[in-house]
Amino acid sequence: MADVITYREAVAEGIAREMRRDTSVVCLGEDIGAAGGVFKTTTGLHEEFGPERVWDTPISEQAIVGAAMGAAMTGRRPVAEIMFSDFLACCWDYLANEIPKVRYMTGGQVTVPLVVRTANGGGLGFGAQHSQATENWALTVPGLKIAAPATPADVVGMMAAAIRSDDPVVFFEHKALLATKGAAPPPGHVVELGRACVVRPGDDVTLVALASMVPLALKAAEVLSGEGIEAEVVDLRCLVPLDAATVLASVCTTSRLVTVEENPYQGGWGATVVSIVADEGFGLLDAPVRRVAAECVPLPFADALEEQVIPTVDKVVMEVLRLAAY
Amino acid sequence: MADVITYREAVAEGIAREMRRDTSVVCLGEDIGAAGGVFKTTTGLHEEFGPERVWDTPISEQAIVGAAMGAAMTGRRPVAEIMFSDFLACCWDYLANEIPKVRYMTGGQVTVPLVVRTANGGGLGFGAQHSQATENWALTVPGLKIAAPATPADVVGMMAAAIRSDDPVVFFEHKALLATKGAAPPPGHVVELGRACVVRPGDDVTLVALASMVPLALKAAEVLSGEGIEAEVVDLRCLVPLDAATVLASVCTTSRLVTVEENPYQGGWGATVVSIVADEGFGLLDAPVRRVAAECVPLPFADALEEQVIPTVDKVVMEVLRLAAY
Amino acid sequence: MDAAGLLTAYERMAVIRRTEKAAHDLFLQGLVKGTTHLAAGQEAVAVGASAALRPDDYVFATYRGHHHALARGATPQECLAELMSRATGLCKAKGGSMHLTKAATGMLGSYAIVGSHLPMAVGAAWSARLRGTDQLAVAFFGDGATNIGAFHESLNLAAVWKLPVLFVCENNLYMEYTPIADVTAVPRPAADRAPAYGIPGEVVDGNDVMAVEEAVERLARRARGGDGPAVLEAATYRHFGHSRADPAAYRPAEEVERWLAHDPLDLARGRLAELGVAEATVAEADDRARAVVERAVEAAKAAPPPEPREALADVWADGGAAWRT
Amino acid sequence: MDAAGLLTAYERMAVIRRTEKAAHDLFLQGLVKGTTHLAAGQEAVAVGASAALRPDDYVFATYRGHHHALARGATPQECLAELMSRATGLCKAKGGSMHLTKAATGMLGSYAIVGSHLPMAVGAAWSARLRGTDQLAVAFFGDGATNIGAFHESLNLAAVWKLPVLFVCENNLYMEYTPIADVTAVPRPAADRAPAYGIPGEVVDGNDVMAVEEAVERLARRARGGDGPAVLEAATYRHFGHSRADPAAYRPAEEVERWLAHDPLDLARGRLAELGVAEATVAEADDRARAVVERAVEAAKAAPPPEPREALADVWADGGAAWRT
Ligand SMILES: Cc1ncc(C[n+]2csc(CCOP(=O)(O)OP(=O)(O)O)c2C)c(N)n1
Ligand SMILES: Cc1ncc(C[n+]2csc(CCOP(=O)(O)OP(=O)(O)O)c2C)c(N)n1
Ligand SMILES: [Mg+2]
Ligand SMILES: [Mg+2]
């Protein structure tokens, strides 16, 4: 394997590694077979594992995820693709009411070891119905694990953990990161779900970010460093399990917290993180907690409008500078 | 009209008042016609307005809400019932991707003046799939107004505002409140959406609550009063528009904030409220901000288990006492 | 189905009927909270189908699912204890009436969102195929479920993949309070839709346990043999209202009468007589059924409530509910 | 459709074809961001249907909707400006290629979630009925949309309420890259499903603008007269790949050739000749079409980007985006 791989390749690689290890892993979704997926994130799987392990489906999101659930309850480990995360809305009943609840409401009689993978977020100019960061929908529902890797190595490692997990995992692959490159992970690489990662140390302010916001936060940290402010950047990696301990530990050092969220402010994951810190870490805080999130509007098509709406490096830098002046 | 009406009667009354005023108002939903609705919240409408204004539908949540959208775009004011708010998951595409976005993404060419009414929340022992407080799902999506009244008068007044609104409104009627009674509102009663209400004044701590949590917070406030702590209770009434100003004004007096939420902690509306206060009201706070919310589990069936999961008067009192000791 | 088989089926139906009656009474006594959707009158669908299935087959049902749980191996005691919120309940009192599940015997759950379990059954059938077994999956659902999107997606996917799954519609003429005929574009809501998926659609007398058994057996054989899914629409009727205290006043008296005269237990009793089974033998079966249910009620009443800590168990496969560090 | 009507239709199709070509070229030049789903090859469905509709009827389309917007009154300039993110775009550059909408002429939008607009069309038809007009609503959708739940719910509700709505499927044989035949249980994904809703299901040559006009006119008359909805499946083919740079390598060369030989513009040209319209007259129509689209490209290129403050406009009916105090 090459030393460097793209995030896109990492998705297929991560799935392939698990399919080799465990014959119970099976994939289904729209155009994922011979076509290799609309985002080319399943390239090679059909060739290597054949049509009995990689299944093309009709445009039937409910049947896809519902069938994955039934298969997971009966001994398989399905990996279902929902092409764009916006389309989770078309099978939301399964994510909100069925998959996360069946184990609990049967008193633990069944487990649902499945992964729902989906291309998430904006950045490719696909407009309001194909660009949302929908991980916050899932956060409202107890019983789902929520993974959102930021690097190719994390994609592979977290995919391994997700597929091996006996719990349902919604796996958000960020569209804007697909072409990015990173170190190829070693064989057997597994990243436990629920462990955040301090991707840049710093003493002055904690920036908590997820997926595409991680490189953005890192860029902002570089700019801030030039202004004499050292930001610690935490890649949350998962929303559930939520690694609040790592965030609190960082705030313990920095006394200042800024979340960087692609999603609209209202109902975003940063709010949950902030509410934990404003409770358990209140005594640590020296300044207001700030959330750099998207405006509360649908995502507009034009770039000139989009940059008004979503977080940018400039916006993060400006907010941190304002906070530093508090 | 009687001096006192139930919350349940207020729903039908609120709709009827608007149907009398405006012939473009039309209702659709499952069993809402001659049967008067599963919760008897549409009793009398079929008799008064006939089958051309009160339509029984098949069990087709997507068609119900999608058709409401199409009718709203073409000159009607539909009031669609989704029987239990959990079933919003069956038509989530319309709530998440279509209704809130179409005006924006067409550059303002169309408006969608509709109301989606739904029975929300727990308290009736209906189990994990019929008891959720799902207003937080809607909160993740810009473009929806979110109403959740706590009293019969507010039901009538907010229903008037919702139906008259040219924007889409999701109207959460709380199942546990249906049998509660309150003063009947005068004719023409309208409660503007986005105005919170201080339902109990107090200097020591601010309790922010919604729907069924309002009477619970009031009970807790009574208990606390016995302990010498005067809680101010804010009935938020709406999540969007969110009346942050009223919350901030209250915290300005009390310096202490506790949200009381029926929903699980993760992704709950209280987090968004807290994040605003931890930013804009940071300087006002004397103590950690606390959220009394449900445990992050599906709602269990047995009462003995349910009371472990959801907020109770005792839990609110205990949290406030702990905060007071900070 | 021979005489012995029919007698067994009859006794099972009698147990279900009495369990439903007990659930109703316990509800009125305030011992069952929430709601119940009783299946009295629809016993033959569950028992007839069950008789045609193998122990390793999968069954998925709805909130009106007591009969399927009982037909598929759950005991009246487990079921009633669940309804009465006892620690000994089938789902540890976490599920309630609408979610009876006995995974150990292939009863993979009762789901309360109309139509939601049809794709799951498709998935279980797909899994059987992937694992190379010839297990079958059966989804039972009401007439009202035929108008929801998941129905359509499930039938198409099952047909395209030729999966061993049966879609058994219990057409009891009503949704909650609205007649299915008022809101459905075809007379047979399930069977008339089967051609849209290129699969067989049959109608059967759902109150005739032998007819149900025969039809399911035949369609199951076909499906296991690789010929794909089928729709079976069982005409039946519920004796009680839709749920709880619904007096079902919306149903014409004549219709109710006609259906009560076509009761599945009476029908089976008639057949047993025709087959030469002595009345006393049938009465013994009835006695056993009564005794089982009476004991179940007593045992459930005597059982303790669940431990409070159970509230935070069973979300995750590790048994816990931790969502953060 | 007489010769004059056909010539008008031909010119409209020519405008669409050239607009699509321009969109393609502009995309390759980096002037159109995101994605496009071109309808070149499918013009006759939009133009034929449009010719049969009244100005006050409602049309709902998909992300592959340029042809419907153009057929229904949007100008090439508005459309291309939208694709090029200009302030003068049809949707002020907030929608993009997938969401072309011209409400003023009854083109109520292009929706990018497969199947999502079918219930909306049902609702628009319901609204027409409520308001006592005899307006019609038409939903255009692809073959792939016939397997999603919203399709099923829409057809049933429209049939039960006997609404004036037409469901027009543009069957271009493919979803994105997968043949529809691989994942659909019946040969005619739309027409073969109509009987499941007790409504007519017809198939028409979707590349024959006159045939489309005739069929839509007939079914529209029926629907306006209160006889309810119908399904029309138009057989057609897209010239480009599914979207953007998809080279459509999954399509057999022979199939592509066959369909290119059955081009809607060529067909119309042939018919015009048969009807005695001079070649020069047709050439003039072509020239006008070229000129219109060339001017549109230039005008769109010259148009300014949207004002930044537009980003926070148009969420609410008051024109703003405020969600809190
Ligand atoms: C998606 C969804 N919509 C509505 C309901 C509310 N509801 C529960 S049962 C029921 C009627 C179902 O009728 P049918 O499918 O015929 O089953 P039956 O109750 O007659 O067994 C309805 C509308 C629901 N549970 N789920
Ligand atoms: C609910 C949903 N699922 C998947 C997609 C992704 N997608 C966009 S177009 C398309 C193919 C649609 O095929 P068809 O309906 O035949 O229309 P065509 O593109 O051929 O015009 C798919 C799968 C989507 N937009 N919405
Ligand atoms: Mg029924
Ligand atoms: Mg197609």
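Scope of the values below: all heavy atoms of this structure, side chains included, with no hydrogens, waters or symmetry mates. Residue numbering restarts at 1 for every chain, and letters A, B, ... go by the order of the sequence lines.
- Neither the backbone nor the side chain of D:Ala121 comes within contact range of chain B; no heavy atoms are under 4.5 Å apart.
- For chain D, the nearby part of B:Asp93 is the side chain; its heavy atoms alone come within less than 4.5 Å.
- For B:Lys101, no part lies under 4.5 angstrom from a heavy atom of chain D.
- Interface remark: of the candidates D:Ala311, D:Ala112, D:Gly319, D:Ala311 forms the most heavy-atom pairs closer than 4.5 Å to chain B.
- Ranked by heavy-atom pairs under 4.5 Å with chain D, the list B:Gly108, B:Ala68, B:Ala71, B:Pro58 is led by B:Ala71.
- In this structure, chain D has a heavy atom under 4.5 Å from the side chain of B:Glu98, while its backbone stays farther away.
- Top candidate by heavy-atom pairs under 4.5 Å with chain B, chosen from D:Trp316, D:Trp126, D:Tyr111, is D:Trp316.
- The backbone N or O of B:Arg76 lies less than 3.5 Å from no partner atom in the side chain of D:Ser127, so there is not a single donor-acceptor pair.
- The 12-atom threshold is not exceeded at CZ of B:Arg195, counting heavy atoms of other residues, nucleotides or ligands nearer than 6.0 Å.
- Your options are D:Ala158, D:Ala125, D:Ala150, D:Gly106, and the one with the most heavy-atom pairs under 4.5 Å with chain B is D:Ala150.
- Listed by sequence position, D:Tyr58, D:Phe60 are the residues of residues 57-67 of chain D in contact with chain B, using a 4.5 angstrom heavy-atom cutoff.
- A donor-acceptor pair is defined here as one N or O able to donate and one able to accept, closer than 3.5 Å; no such pair exists between the side chain of B:Gln62 and the backbone of D:Gly149.
- Separating the CG atom in D:Asp318 from the CG atom in B:Asp167 is a distance of 6.5 Å, to the nearest 0.5 Å.
- B:Tyr94 places a side-chain N or O within 3.5 Å of a backbone atom of D:Ser116 that can act as its donor or acceptor partner.
- At least one donor-acceptor pair closer than 3.5 Å links the side chain of D:Arg131 to the backbone N or O of B:Thr74.
- Residue contact with chain B, scored on non-hydrogen atoms closer than 4.5 Å, involves the backbone of D:Ala313 exclusively.
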